[in-house]
2 protein chains.
Amino acid sequence: MAALDRSLISRLPLFQGMAPEEQSEILRGARSSRYAKDSSIFEQDTEAHSFYVLIAGHIRVVRTTPDGQQVIARYISEGEIFGVAAALGRTTYPASAVAAVDCVVLAWPNALWPELARRFPTFGSTTYRTVGNRLQETQTRVVEMSTEQVEQRVAHALLRLANQTGRNTESGIEIDFPISRQDIAEMTGTTLHTVSRLLSKWEESGIIVSGRQKVTVKDAHRLVVLSENRTKG
Amino acid sequence: MAALDRSLISRLPLFQGMAPEEQSEILRGARSSRYAKDSSIFEQDTEAHSFYVLIAGHIRVVRTTPDGQQVIARYISEGEIFGVAAALGRTTYPASAVAAVDCVVLAWPNALWPELARRFPTFGSTTYRTVGNRLQETQTRVVEMSTEQVEQRVAHALLRLANQTGRNTESGIEIDFPISRQDIAEMTGTTLHTVSRLLSKWEESGIIVSGRQKVTVKDAHRLVVLSENRTKG
DNA sequence: CCCCGAGTTTGCGCCAGCGCAAATTCTCCC
DNA sequence: GGGAGAATTTGCGCTGGCGCAAACTCGGGG
């Protein structure tokens, strides 16, 4: 903890509106760790012992089916809380969390959750607001998978990534962590082949530029048009 | 409230492990209402003013897309809490709730949530456990839609309905509220035609019997086999 | 600097499941 | 008891997107 930049941490949305001494109190219970790229912070279906805040990096939350297929539930960005099994009364993690790049996280033992939530209501309600957002996002994804074509879903996914984790560069909005065609396929319920074909097409028409594990959105507006392109119904 | 059977209410899982006087205290803030079949308890995207517990009946939670397509998010059974926007810091409902049959519900003004959650931690944590379950179920649904064929998804949906709201009869497990082919289609991301074809096939092989807005599972085991039948991957 | 392997692209054939349309059967209301 | 509308069934043709396979390309490690 001592090594971490306190001012950086106190700027996190999770701690907004809390007095500095309250923040310190909460942070006292945490321990920080680093995770190398591709290492896992926790594994699906294992005993949940901690909840986390991502201080630096990007994390992929993945669910694996019994026959080994993977589905990416979401990406976690800096400042977000994750692995909140404790807050929802679960004893195991429903998915695995894997570092998409080298990461720094804070971890609290689950045993501390009840006390923290009681003593710092802001902390609790911010967490539950996050849970609410995720529930709604997940439901939105169900709706998309039920009603949209693959092209629209991939367009939506890219737009979401660009908004949540996009970095503005001279050439457009670049997704600032390595993401493969396979990853995008696992986010949208399709195959890497189909994603590759779509990205090729979009690159040809100047909507994006892409490379190995890299996508830059050049023309978000046209992507929005694609994502709304009704074909069913 | 006075008219309602107190013993029935105190038996709800939501109130388990609470002293009778605590239950009374909580119930004091509630008001009960009836909703006729097909009437809506609340509407998507409207200001959230209350949270609810279903005392009797079945409720369909539906999300409608901008172009009018509907997706059934879930069914609510007796005893479940729903419309918990307040607990998740939301100001509007993300979906509509429609009575699948005539219903009786208890409603609390959202303003009461913080106080209730603070004074009755059991009540709060039970609610959040429910939210956790729903988040996980919703994610499971995303995984299913990503990795399974339509036949498996419909089989899963029927099994889930049979488990959650099934009524044992001499001829099998009957889903005890009216459910159309269209409803099943909206739960599984397919069309009523495809659902109809599947149910016809299953009826022919004796796995189910079905009629107008009615499905009875006769051979759950074979349905499980179908739901696990790997074809992709 | 070159090689290896992971990531990507692209072609080709096929089929699950959708859209459309029409016929049929309940069920409830008059 | 009969009619009307809603729900369901079924046929048919088509296609989006998947599976398979092979070629290619990039980037990092030796």
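Sequence lines set the chain letters: A, B, ... in the order given, protein chains first and strands last, and positions in each chain run from 1.
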S.K.: Does any donor-acceptor pair link the side chain of A:R197 with the base of D:dG16 at a separation under 3.5 Å?
M.R.: no
S.K.: Using OP1 and OP2 only, check whether a side-chain N or O of A:R181 sits under 4.0 Å from C:dT9.
M.R.: yes
S.K.: Using a cut-off of strictly less than 4.0 Å, decide whether B:T191 has a side-chain nitrogen or oxygen near OP1 or OP2 of C:dC18.
M.R.: yes
S.K.: Return the value, rounded to whole Å, for the distance between atom CG of A:L199 and atom P of C:dG7.
M.R.: 16 Å
S.K.: For a quick check, tell me whether the side chain of B:H193 and the base of D:dT8 share a donor-acceptor pair closer than 3.5 Å.
M.R.: no
S.K.: Could you check whether A:S196 gets within reach of a base, just the sugar-phosphate, or nothing at all, counting any heavy atom under 4.0 Å?
M.R.: base
S.K.: With a cut-off of less than 4.0 Å, is there a side-chain N or O of A:S200 near OP1 or OP2 of C:dT10?
M.R.: yes
S.K.: Within this structure, what is the CD-to-P distance between A:E186 and D:dC18, rounded to whole angstrom?
M.R.: 13 Å
S.K.: Hey, mind stepping through A:E80 and A:R134 against salt bridge (charged side-chain N to carboxylate O under 4.0 Å, His left out) and telling me if it holds?
M.R.: CA-CA 11 Å; A:E80 284 188 71; A:R134 288 189 194 160; 3.1 Å; yes
S.K.: What's the CD-C1' distance between B:Q182 and C:dG19, to the nearest Å?
M.R.: 14 Å
S.K.: Specify whether B:H49 and B:Y93 have parallel, tilted or perpendicular ring planes, treating 30° as the upper limit for parallel and 60° as the lower limit for perpendicular.
M.R.: perpendicular
S.K.: Any base atoms under 4.0 Å from A:E151, or only sugar-phosphate, or nothing? Heavy atoms, all strands.
M.R.: nothing
S.K.: Would you mind reading off the distance between B:K37 atom NZ and C:dT27 atom P, rounded to a whole angstrom?
M.R.: 12 Å
S.K.: May I have the step-by-step check of salt bridge (charged side-chain N to carboxylate O under 4.0 Å, His left out) for A:R160 and A:E144, ending in yes or no?
M.R.: CA-CA 13 Å; A:R160 222 171 283 140; A:E144 287 181 6; 2.5 Å; yes
S.K.: Between A:E78 and A:R11, does any NZ, NE, NH1 or NH2 come within less than 4.0 Å of an OD or OE carboxylate oxygen?
M.R.: no
S.K.: Mind calculating the distance between CD (A:E148) and P (C:dC18) to the nearest angstrom?
M.R.: 16 Å
S.K.: Is any side-chain nitrogen or oxygen of B:R212 closer than 4.0 Å to OP1 or OP2 of D:dT8?
M.R.: no
S.K.: Under a 4.0 Å threshold between the charged nitrogen and the carboxylate oxygen, would B:E148 count as salt-bridged to B:R153?
M.R.: no
S.K.: Atom CG of B:L192 to atom P of C:dG17: distance rounded to whole Å?
M.R.: 15 Å
S.K.: To the nearest Å, give me how far apart NZ (A:K201) and C1' (C:dT9) are.
M.R.: 15 Å
S.K.: How close or far is atom P of D:dT9 from atom CD of B:E204, stated in whole angstroms?
M.R.: 12 Å
S.K.: Please determine whether a side-chain nitrogen or oxygen atom of B:T194 lies at a distance below 4.0 Å from atom OP1 or OP2 of C:dC18.
M.R.: yes
